[in-house]
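If you're wondering where the values come from, they're calculated on a predicted model, not measured in any experiment.
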Amino acid sequence: MLSSKIGIAVLLTVLQVTYGQKMNSLTACLADKSLRVDCRYENNTKSPLQYEFSLTREKQKHVLNSTIGVPEHAYRNRVNLSIFHNYMALYLKDFSQKDEGVYACELRASGIPNSLVSKNITVYKDKLQTCGVMSLLVQNTSWLLLLLLSLPLLQATDFECL
């Protein structure tokens, strides 16, 4: 009887964490002289999210902006964060090759243990796209993939394109 209660408690904890939040994507692009790192997620809990953006370079982690840890003083004047529904955009002013490295976005639901989710992206200045319509198209290709996958179905039903 006790082991079944423990099993149910573990199952509910796992379901709550997996249901609670999901990191959809982490992308980066150049906006003028600033690096923009876009973190898209889903939060299906009523708990507020805590976040941390960091940069790891030369095996050293630098916290850029956070409600989990303490941001490094060296970045405070260069970092700006915009938060929207299920989307955060970190801007790092005057991005240069010295700022290249692995950028990470970590999210944690307040009050829910083991709810940390994260993604990272390696950023090199000479390989970044300029933020704009094309970078949005590349970052959000799910609609394009859906369209391409549905073309055979549309052709099978004799759907005519104008």
Side-chain angles (χ1 to χ4, degrees), residues 10 13-151:
V10 168
T13 301
V14 169
L15 287 175
Q16 183 178 15
V17 169
T18 57
Y19 172 75
Q21 62 207 23
K22 176 184 168 188
M23 183 87 61
N24 292 333
S25 67
L26 185 66
T27 57
C29 61
L30 274 177
D32 293 325
K33 294 181 181 180
S34 296
L35 171 70
R36 187 180 86 197
V37 180
D38 296 334
C39 182
R40 289 172 172 52
Y41 59 91
E42 294 175 25
N43 182 13
N44 297 316
T45 71
K46 294 184 180 183
S47 299
L49 285 183
Q50 296 176 315
Y51 61 86
E52 180 171 285
F53 279 92
S54 64
L55 161 64
T56 301
R57 104 175 152 249
E58 299 173 2
K59 299 180 183 179
Q60 180 86 23
K61 180 179 176 180
H62 305 276
V63 178
L64 304 175
N65 198 315
S66 179
T67 58
I68 297 171
V70 178
E72 289 189 23
H73 184 72
Y75 291 98
R76 287 188 184 165
N77 293 334
R78 295 181 57 207
V79 171
N80 185 23
L81 184 69
S82 298
I83 301 175
F84 305 97
H85 179 70
N86 292 338
Y87 169 75
M88 284 188 265
L90 177 98
Y91 294 87
L92 180 61
K93 297 176 192 170
D94 300 322
F95 180 73
S96 69
Q97 288 183 333
K98 293 179 184 177
D99 300 313
E100 293 178 341
V102 178
Y103 285 77
C105 176
E106 298 179 5
L107 301 174
R108 179 184 303 153
S110 298
I112 300 177
N114 303 319
S115 64
L116 181 70
V117 293
S118 67
K119 278 200 184 277
N120 59 45
I121 185 170
T122 303
V123 174
Y124 297 106
K125 186 173 182 179
D126 61 345
K127 294 187 179 185
L128 281 174
Q129 293 184 351
T130 302
C131 299
V133 175
M134 286 310 291
S135 67
L136 289 175
L137 177 64
V138 171
Q139 294 170 15
N140 299 307
T141 56
S142 59
W143 68 269
L144 183 59
L145 180 61
L146 182 61
L147 176 66
L148 291 174
L149 291 174
S150 64
L151 283 176

(message) Could you go through I68 and R108, starting from their C-alpha distance and side-chain angles, then the distance that decides it, and tell me whether this counts as side chain to side chain contact (heavy atoms under 4.5 Å, CB included)?
(response) CA-CA 8 Å; I68 297 171; R108 179 184 303 153; 3.6 Å; yes

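- With values rounded to the nearest 0.5 angstrom, N86 atom CG is found 11.5 Å from K22 atom NZ.
- Sorted pairs that involve residues 122-131 and meet salt bridge (charged side-chain N to carboxylate O under 4.0 Å, His left out), not counting sequence neighbours, are lacking altogether.
- Within the structure, disulfide bond (SG atoms under 2.5 Å apart) pairs that include any residue of residues 36-112 comprise C39-C105 (at least two apart or interchain).
- Counting only heavy atoms from C-beta outward, the side chains of H62 and Q60 approach each other to under 4.5 Å.
- Atom CG of L55 is separated from atom CG of L64 by 5.5 Å, given to the nearest 0.5 angstrom.
- Under the ring-ring contact (aromatic ring centres under 6.0 Å, His included) criterion, Y124 pairs with no residue at all, not counting sequence neighbours.
- When every heavy atom of C131 is checked against every heavy atom of A31, the shortest pair comes out as SG-N, 3.8 Å.
- Pairs passing the side chain to side chain donor-acceptor pair (under 3.5 Å) check and including a residue from residues 73-84, sequence neighbours excluded, read R57-Y75, R78-D99.
- Each ring pair (Phe, Tyr, Trp, His ring centres under 6.0 Å) pair with one or both residues in residues 79-102, not counting sequence neighbours, appears once here: F84-Y87.
- Looking at S66, its side chain does come within 3.5 Å of a backbone N or O of Y51 through a donor-acceptor pair.
- Considering only residues two or more places apart in sequence or on other chains, A109 meets the side chain to side chain contact (heavy atoms under 4.5 Å, CB included) condition with Q21, T45, S47, L49, I112, S115.
- By the side chain to side chain contact (heavy atoms under 4.5 Å, CB included) test, D32 pairs with no residue at all, sequence neighbours left out.
- The closest side-chain heavy-atom distance from V79 to L90 is below 4.5 Å.
- In this structure, the side chains of V37 and L26 come closer than 4.5 Å at one or more pairs of heavy atoms.
- Within the model, atoms CD of Q50 and OG1 of T67 stand 5.0 Å from one another, a figure rounded to the nearest 0.5 Å.
- Within the 4.5 Å cutoff, no side-chain heavy atoms of N120 are placed close to those of T122.
- Put simply, the side chain of L128 reaches to within 4.5 Å of the side chain of L35, judged on heavy atoms.
- A distance of 5.5 Å separates OG1 of T27 from CZ of R40, quoted to the nearest 0.5 Å.
- To the nearest 0.5 Å, atom SG of residue C29 and atom CZ of residue R36 are 4.0 Å apart.
- Screening residues 80-92 for salt bridge (charged side-chain N to carboxylate O under 4.0 Å, His left out), with sequence neighbours left out, gives no hits.
- In this structure K61 satisfies the side chain to side chain donor-acceptor pair (under 3.5 Å) test together with E52, sequence neighbours excluded.
- Residue pairs meeting the salt bridge (charged side-chain N to carboxylate O under 4.0 Å, His left out) criterion with at least one partner in residues 114-124, sequence neighbours excluded, do not occur; the list is empty.
- Using a 4.5 Å heavy-atom cutoff, the side chains of Y41 and M88 are in contact.
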